[in-house]
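Within every chain, numbering begins at 1; the chains are lettered A, B, ... in the order of the sequence lines, protein sequences first and strands thereafter. In this text the structure is predicted, and so the values were computed from the model without any measurement.
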Amino acid sequence: MPNTFPKEAKLCGALGIAALYKNGKRFTAWPLRVTYQPTKGETQVLVWAPKSLFKHAVQRNRLRRLMREAYRLHQDTLISQSDSGVPSNFQIAFNYIDKEEQSYKTIEKAVIKALRKIKSNE
RNA sequence: UCAGCAGGUCGGUCUAUCGCGCCUUAUGGUGAGGAAAGUCCGGGCAGCACAGAGCACCACAGCGGUUAACGGCCGUCAGGCAGAGCGAAGUGAUGCGGUUCGCAUCAAACCGUGAAUGUUUGGUCACUGCUACAGAGACGAGGAAUGUGAAACGAGCAUACUGUGGGCUGCAAUUCCAAGUAAACCAACGUCUGAACGCUGCUCGCGUGAGUUGGAGGGUAGGAUGCGAGAGAAGCACGUGGUAACACGCGACUCGAGAUUAAUGAUAGACGCUGCCGCAUGGCAGUACAGAACCCGGCUUACAGACCUGCCUCACCU
RNA sequence: GGAGAGUUGUCUGAGUGGUCGAAAGAGCCGCACUCGAAAUGCGGUAUACGCAUUACGUCGUAUCGGGGGUUCGAAUCCCUCACUCUCCG
């Protein structure tokens, strides 16, 4: 499984995002809030750092890149442990909710925890 | 040299592994800034409008220059303020002589003076209007000693006047493609006694001529263009002119992002640079402000650290 | 990305350059009324520094988001910074 993250794996479009936040299940894995729902299409991921908490674009860009990188390196935890029969794909949104910039190690742990929780719930 | 100022340049480098956008496609190439920021000014560009006249509105304001343009920049004149230092008497503290004084050094505040430099203000008062409180009286008046007051017949100020400039809106502009839709209803005004619209703030004037506007309800939330090698009023070197801003000529030297839920990253290591510790190989800590969104010229604000250049007073040295 | 609007006491919110530390309402505090409360009525209610007093009134200065400027005088006009909100196809 290559650890790639092309543009097709990003969740785009206002309608899809609105539907995810309306219908998806959510839980918190500090410093992230995770919203997800199963989907028939490919797995798509959305990464988000709010402007109200981080005023400067540099901070938001950095957090977004860290979250995206953590997901890219650990996305196989969703797939590798799943049943070989029907592939279960999800739409997932990661929202950064802490007020301070955390290190990559912290975000990485949170992403792994979140992916395992999604896997075990389904 | 010390002290005080001013201006300019740069603002990390390399390797490995895993990744992202764009262009080409076995491959490969390329990928944030001096402020990309704030959006405070000015332009390019685009759409709409443009027979004409008048009135508003906005911006600017010594003088001269510069520029595509500017409220920017350069030069210069006048006034105010700041400014290292210097000076004088007094005060305080310390020391020495000495006995109710004298000398020396140091210190802080005030006063005077004040280099380089920085900062700020700068059209006019004939007309119109304003000038609170205080004051006998505040722009009306024959004069104005005292007092009041910022100002007392002298004026100051702008909403007044003069000069110059400005059509409006902004890339979510604009144009094209795809998909989809919704009529009916309610309210106001009106159909030649002229509603409404256009001349983009208003009036005149001119033109079009039966619907227009609002409410409620319904549909869409995609793609392309603009958009970056016709980038560019670009930078750099040299020459000429100019005090300078800058202009002209010449060289063909440099630069080469184009996302759209939004690329330009992550991890590990090495080297720079700065500080501390150590005799030392070295160790520890730090390495800023900050992220393009149509493109330029300025201004303003943020910024670890490094480098270069220039100006000037007193004192000292040669 | 672009275009605009705003910031005044604990809250909401007025305020033509001059009697403005600042209207009004809400809230809060005190008093009256009541057996007690509610409602009602009356009064009070920003902060800091300085001065004064046995103590309390009172007085002076500064503050209308922060900092500069214009003016005799600024909440008001101008510049700049910060923050909040609205609109766009």
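Between Arg68(A) and U264(B), a side-chain N or O to OP1/OP2 separation shorter than 4.0 Å is present. Arg64(A) has no side-chain polar atom (N or O) that falls below the 4.0 Å cut-off from OP1 or OP2 of G265(B). Arg62(A) has a side-chain polar atom (N or O) that falls below the 4.0 Å cut-off from OP1 or OP2 of A266(B).
For A182(B), the glycosidic angle deviates from 0 by more than 90°, giving an anti base. By the rule that a glycosidic angle within 90° of 0 means syn, G235(B) does not qualify and counts as anti. G57(C) has its base syn relative to the sugar, with a glycosidic angle deviating from 0 by at most 90°. Glycosidic conformation, G140(B): syn, with the torsion inside 90° of 0. For G34(B), the base is syn relative to its sugar; the glycosidic angle is within 90° of 0.
Taking the C1' atoms as reference points, U47(C) lies 36 Å from C157(B), given to the whole Å. Separating the C1' atom of A16(B) from that of C276(B) is a span of 33 Å, rounded to the nearest Å. Distance noted for atom P between G282(B) and C316(B): 50 Å (whole Å). With P as the reference atom, U19(C) and U76(C) are 14 Å apart, rounded to whole Å. With P as the reference atom, A263(B) and C58(B) are 44 Å apart, rounded to whole Å. Nucleotides U240(B) and C60(B) place their P atoms 43 Å apart, quoted to the nearest Å. To the nearest whole angstrom, the two C1' atoms, one in G167(B) and one in C57(B), are 13 Å apart. Nucleotides A22(C) and C31(C) are separated by 28 Å at their C1' atoms, to the nearest Å.
Here A38(C) sits opposite no nucleotide as a Watson-Crick or G-U wobble pair (both hydrogen-bonding atom distances under 3.5 Å). For A183(B), there is no paired base (Watson-Crick or G-U wobble, both distances below 3.5 Å). C64(C) is unpaired under the criterion used here, namely a Watson-Crick or G-U wobble arrangement in which both key atom distances are under 3.5 Å. Checking G17(C) for Watson-Crick or G-U wobble geometry (two distances, each under 3.5 Å) identifies no partner in any strand. Base pairing of A78(B): its partner is U121(B), meeting the Watson-Crick or G-U wobble criterion (both donor-acceptor distances under 3.5 Å). Pair assignment for A89(B): none, as no Watson-Crick or G-U wobble contacts are both less than 3.5 Å. Taking a pair to require two hydrogen-bonding distances under 3.5 Å in either a Watson-Crick or a G-U wobble arrangement, G258(B) remains unpaired. With a 3.5 Å ceiling on both atom-pair distances, the Watson-Crick or G-U wobble partner of C273(B) is G286(B).
Nearest heavy atom pair, residue His74(A) against residue Leu115(A), reads O-CD1, 3.3 Å. Closest approach of Gln102(A) and Leu66(A) over heavy atoms only: O-CD1, 4.3 Å. In terms of heavy atoms, Phe94(A) sits closest to Ala114(A) at CE2-CB, 4.2 Å.
Listed nucleotides C20(B), G291(B), U260(B) differ in distance to Arg65(A); the shortest reach to its side chain belongs to G291(B). Comparing atom distances between the Asn61(A) side chain and each of G291(B), A266(B), G21(B) picks out G291(B) as nearest. The side chain of Lys10(A) lies closest to A262(B), out of G291(B), A262(B), C20(B). Closest contact between the side chain of Val58(A) and the listed nucleotides U261(B), A292(B), A290(B) involves A290(B). With distances taken from any side-chain atom of Arg72(A) to the nucleotides C18(B), G291(B), U261(B), the minimum falls on C18(B).
Taken together through direct or relayed side-chain contacts under 4.5 Å among Ile, Leu, Val, Met, Phe, Trp and Tyr, Leu20(A) and Ile118(A) form parts of separate hydrophobic clusters.
For the pair Phe94(A) CZ and U261(B) P, the interatomic distance rounds to 19 Å; values are reported in whole Å. Distance Gln59(A) CD to A36(B) C1': 17 Å, rounded to the nearest Å. Across the protein-nucleic acid pair, Met67(A) atom CE and G265(B) atom C1' stand 14 Å apart, rounded to whole Å. Separating the CD1 atom of Ile17(A) from the C1' atom of U260(B) is a distance of 12 Å, rounded to the nearest angstrom. Residue Glu69(A) contributes atom CD, which lies 13 Å from atom P of A263(B) at whole-angstrom precision. If you take NZ of Lys7(A) and P of U264(B), they are 13 Å apart, rounded to a whole angstrom. In this structure, Arg60(A) places its CZ atom 17 Å from C1' of G265(B), rounding to the nearest Å. In this structure, Glu8(A) places its CD atom 12 Å from C1' of C20(B), rounding to the nearest Å.
Counting only distance, with no hydrogens or angles, the side chain of Arg26(A) and the backbone of Tyr21(A) share a donor-acceptor pair below 3.5 Å.
Between Thr35(A) and Leu46(A), every side-chain heavy-atom pair lies at or beyond the 4.5 Å cut-off. Side-chain contact check for Ile17(A) versus Trp48(A): every heavy-atom pair is 4.5 Å or farther apart.
Take the nearest nucleotide of RNA chain B for His56(A) and for Leu73(A): the residue whose nucleotide is more 5' is Leu73(A). Summary of the strand contacts: Pro6(A) and Leu11(A) both lie near RNA chain B, and taking for each the nucleotide with the nearest heavy atom, the more 5' one is attributed to Pro6(A).
The aromatic rings of Tyr71(A) and Phe5(A) sit perpendicular to each other, their planes meeting at more than 60°, with 30° as the lower class boundary.
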